[in-house]
Amino acid sequence: MVDRATGRRVLILGGGAGGLELASQLAGRDGVEVTLVDREMTHLWKPRLHEFAAGTVSSTLAEISFYMLARMRGFHFEQGEVRAVDRTGGRVELAPMHDEEGRELAPARFLAYDLLVVALGGVTPDFGTEGVAENAVRLDRPEDAEDFRTRFAGVMIRARASGMPAEVVIVGSGATGTELAAHLRNSETGFLLRGGKAKAERLLGITILESADVIMPGIDDALRAKLVERLKDLDVKTVTDAKVAEIEPNAVRSVSGERWPADVAVWAAGLIGQPVLKRLADFELDDKGRIRVDRTLRATVDERIYVMGDAASMVPKGSEKPLPPTAQVASQQADYLAETIPLLLKGQPVEPFEYRDRGRLVQLGRAGTVGRIGSGHGDDFLIHGQFATAAYNALQRQHQWKVLGRLRGTVAIFADMLSPAKGPALKLHG
Ligand SMILES: Cc1cc2nc3c(=O)[nH]c(=O)nc-3n(C[C@H](O)[C@H](O)[C@H](O)COP(=O)(O)OP(=O)(O)OC[C@H]3O[C@@H](n4cnc5c(N)ncnc54)[C@H](O)[C@@H]3O)c2cc1C
């Protein structure tokens with residue numbers, strides 16, 4: 001039970017799409033003291049990782065310092081790797097921090113809380129597939145995007161010099177895989193330009209492998225048809241029923257023995273909770289390693305702990321499946337917790353969280369955006385073109401407003417639009 005006389009300390013673990021929106025909206029509300037913890041020094045909005053990976057958008061301009069944001073929005077920021085939650089003592093342990101030479105920068109620390117929010121996100125699982133860790137890139141962290149961009153630039157420079165196209169193979173046809181493919185096609189144009197003129201030849205082969213019998217399983221047929229059409233326009237090859245057995249250093253091999261040459265292989269198949277969630281405390285986890293919560297997002301084992309975003313497994317009323325791991329869900333949960341936490345701290349009852357599915361949009365670079373939007377009550381419709389692109393961008397604009405506030409958020413949005421890094425098809429450096 002939260003101590004109502006003094007219980008104002010809210011500790012948020014993870015400053016991603018959900019945790020940072022919550023910290024920014026909750027800080028100072030009704031005297032709540034917010035501390036945000038993240039292992040990174042800067043926030044980079046995860047739904048754009050594929051754009052940074054493809055080099056079509058500058059990550060340096062999009063990164064926001066947690067230290068500066070904390071000062072601006074009135075919360076405390078503590079940088080460090082979350083190691084354990086001591087539920088009985090009401091405190092969280094952060095691992096010691098070291099520099100690149102292994103010298104200690106900060107010792108292990110303990111942070112006390114009255115109410116804890118776990119927003120540590122998720123990772124792409126390899127399902128025990130051989131060679132994924134060694135030979136494939138997964139887009140889980142900013143350094144993964146950086147790693148991909150470096151490898152991709154290298155193989156494209158070689159392709160340009162030799163005239164032999166580079167091959168990128170993406171395993172998984174979800175939004176991450178398909179959007180990355182489209183942005184890579186955009187990047188290719190930067191390498192084709194010589195003396196200001198684009199040469200006609202292809203310097204890049206892109207293949208998406210999907211283990212199911214259709215691409216992007218889970219979307220409806222009409223939307224899939226639009227997606228397939230756009231991928232064809234982009235000259236992206238898709239292969240279904242491709243069950244991958246191994247990622248080799250220069251190829252992807254299927255269970256049935258087929259091989260696809262790959263200068264760079266990307267593993268973008270599914271999402272599970274951060275591995276640290278298993279070790280944090282004795283939480284109840286679902287089959288994807290996410291913490292089970294009730295409909296107010298409270299952990300099933302502890303009334304002082306709430307979980308949100310990709311780390312949470314919440315089954316909405318009338319459904320059998322947990323909510324999907326999307327920024328849309330994380331953002332709505334941040335709004336909800338920003339409203340309910342002040343009430344919870346006063347010991348007042350709260351209404352359950354209700355998710356409003358605003359639809360699904362896939363941004364395919366110069367082939368535009370396709371998707372389905374609506375209220376989630378059966379009145380949704382298929383969209384594409386300018387309207388779809390505007391709707392896709394809206395999620396990010398809302399994130400910027402919530403994190404930076406209306407005024408600074410608007411300035412950041414204009415700066416983003418006018419940024420020179422937005423212009424060229426490709427960015428090759430930091
Ligand atoms: C390429 C790509 C494209 C996507 N596109 C879309 C889209 O178009 N629309 C959509 O709705 N969703 C999209 N998503 C999904 C969306 O990014 C996630 O669902 C969303 O980011 C989840 O938010 P979160 O706050 O739960 O976790 P995250 O945003 O992942 O944040 C987790 C935070 O926790 C920190 N952290 C993790 N472990 C530790 C630790 N041990 N100690 C300290 N800090 C830690 C991380 O540094 C990070 O800041 C996309 C995802 C990817 C990868």
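Start at 1 and go down the list; that is how both ligands and their atoms are numbered. Values below: all heavy atoms of this structure, side chains included; hydrogens, waters and symmetry mates excluded.
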*asked:* Taking 4.0 Å as the limit for heavy-atom contacts, which would you say applies to Pro325 with ligand 1: side chain only, backbone only, both, or neither?
replied: backbone
*Is the Phe66 ring parallel, tilted or perpendicular to the Phe77 ring (thresholds 30°, 60°)?*
parallel
*In terms of side-chain heavy atoms, does Glu248 have a donor or acceptor partner in Asn135 at a distance below 3.5 Å?*
no
*Going by the order shown, which atoms of ligand 1 are within less than 4.0 Å of some heavy atom of Glu81?*
40 (C), 41 (N), 42 (N)
*What orientation do His183 and His50 show, parallel under 30°, tilted 30 to 60°, or perpendicular over 60°?*
perpendicular
*asked:* Would you compute the distance between atom NE2 of His98 and atom CD of Glu81 and round it to the nearest 0.5 angstrom?
replied: 12.0 Å
*Assess whether atom CD of Glu229 is packed by more than 12 heavy atoms of other residues, nucleotides or ligands within 6.0 Å.*
yes
*Should Pro324 be listed as contacting ligand 1, given a heavy-atom distance under 4.0 Å as the test?*
no
*Any chance NZ of Lys232 has more than 12 other-residue heavy atoms, nucleotides or ligands included, within less than 6.0 Å?*
no
*asked:* So, regarding Val82 and ligand 1 (criterion: nitrogen or oxygen to nitrogen or oxygen, under 3.5 Å), is there a contact or not?
replied: yes
*Ignoring angles and geometry beyond distance, decide whether Arg48 reaches within less than 3.5 Å of ligand 1 through its nitrogen or oxygen atoms.*
no
*Please could you name the atoms of ligand 1 that Ala330 approaches to less than 4.0 Å, counting only its heavy atoms?*
23 (O)
*Any N/O of Gly18 closer than 3.5 Å to an N/O of ligand 1?*
yes
*Closest approach of any protein heavy atom to atom 27 (O) of ligand 1, naming residue and atom*: Gly121 CA, 3.3 Å
*Answer yes if the side chains of Glu78 and Thr35 hold a donor-acceptor pair under 3.5 Å, and no otherwise.*
no
*Does ligand 1 have a heavy atom under 4.0 Å from the side chain of Arg39, from its backbone, from both, or from neither?*
both
*Between Asp38 and ligand 1, is there a nitrogen or oxygen pair with a distance under 3.5 Å?*
yes
*Does an N or O anywhere in Asp310 fall below 3.5 Å from an N or O of ligand 1?*
yes
_Identified side chain to side chain contact (heavy atoms under 4.5 Å, CB included) partner of Tyr306 from the options Val118, Leu22, Leu337, Asp294_ = Leu337
*Below 3.5 angstrom, do we get any N/O pair linking Gly14 and ligand 1?*
no
*Counting heavy atoms not belonging to Glu354, are there more than 12 under 6.0 Å from its CD?*
no
*When you measure from atom 13 (C) of ligand 1 to each heavy atom in Ala175, Pro47, Ala53, which option holds the nearest one?*
Pro47
*Could you check atom 12 (N) of ligand 1 against the protein and tell me its nearest heavy-atom contact, residue, atom and distance included?*
Ala327 N, 3.0 Å
_Heteroatom proximity flag, Leu49 to ligand 1, N/O under 3.5 Å_ = no
*Report yes if the side chains of Pro352 and Pro316 come closer than 4.5 Å at any heavy-atom pair, otherwise no.*
no
*What is the closest protein heavy atom to atom 31 (O) of ligand 1, and at what distance does it sit?*
Gly16 CA, 3.1 Å
_Atoms in ligand 1 with a heavy atom of Leu139 nearer than 4.0 Å_ = 53 (C)
*Would you call Asp86 and Arg91 a salt bridge, using N to O less than 4.0 angstrom?*
yes
*Classify the contact between Ala119 and ligand 1 as side chain, backbone, both or neither, using a heavy-atom distance cut-off of under 4.0 Å.*
backbone
*Do Arg138 and Val132 have side chains that get closer than 4.5 Å, going by heavy atoms?*
yes
*Closest protein heavy atom to atom 9 (N) of ligand 1, given as residue, atom name and distance to 0.1 Å*: Leu395 CD2, 3.7 Å
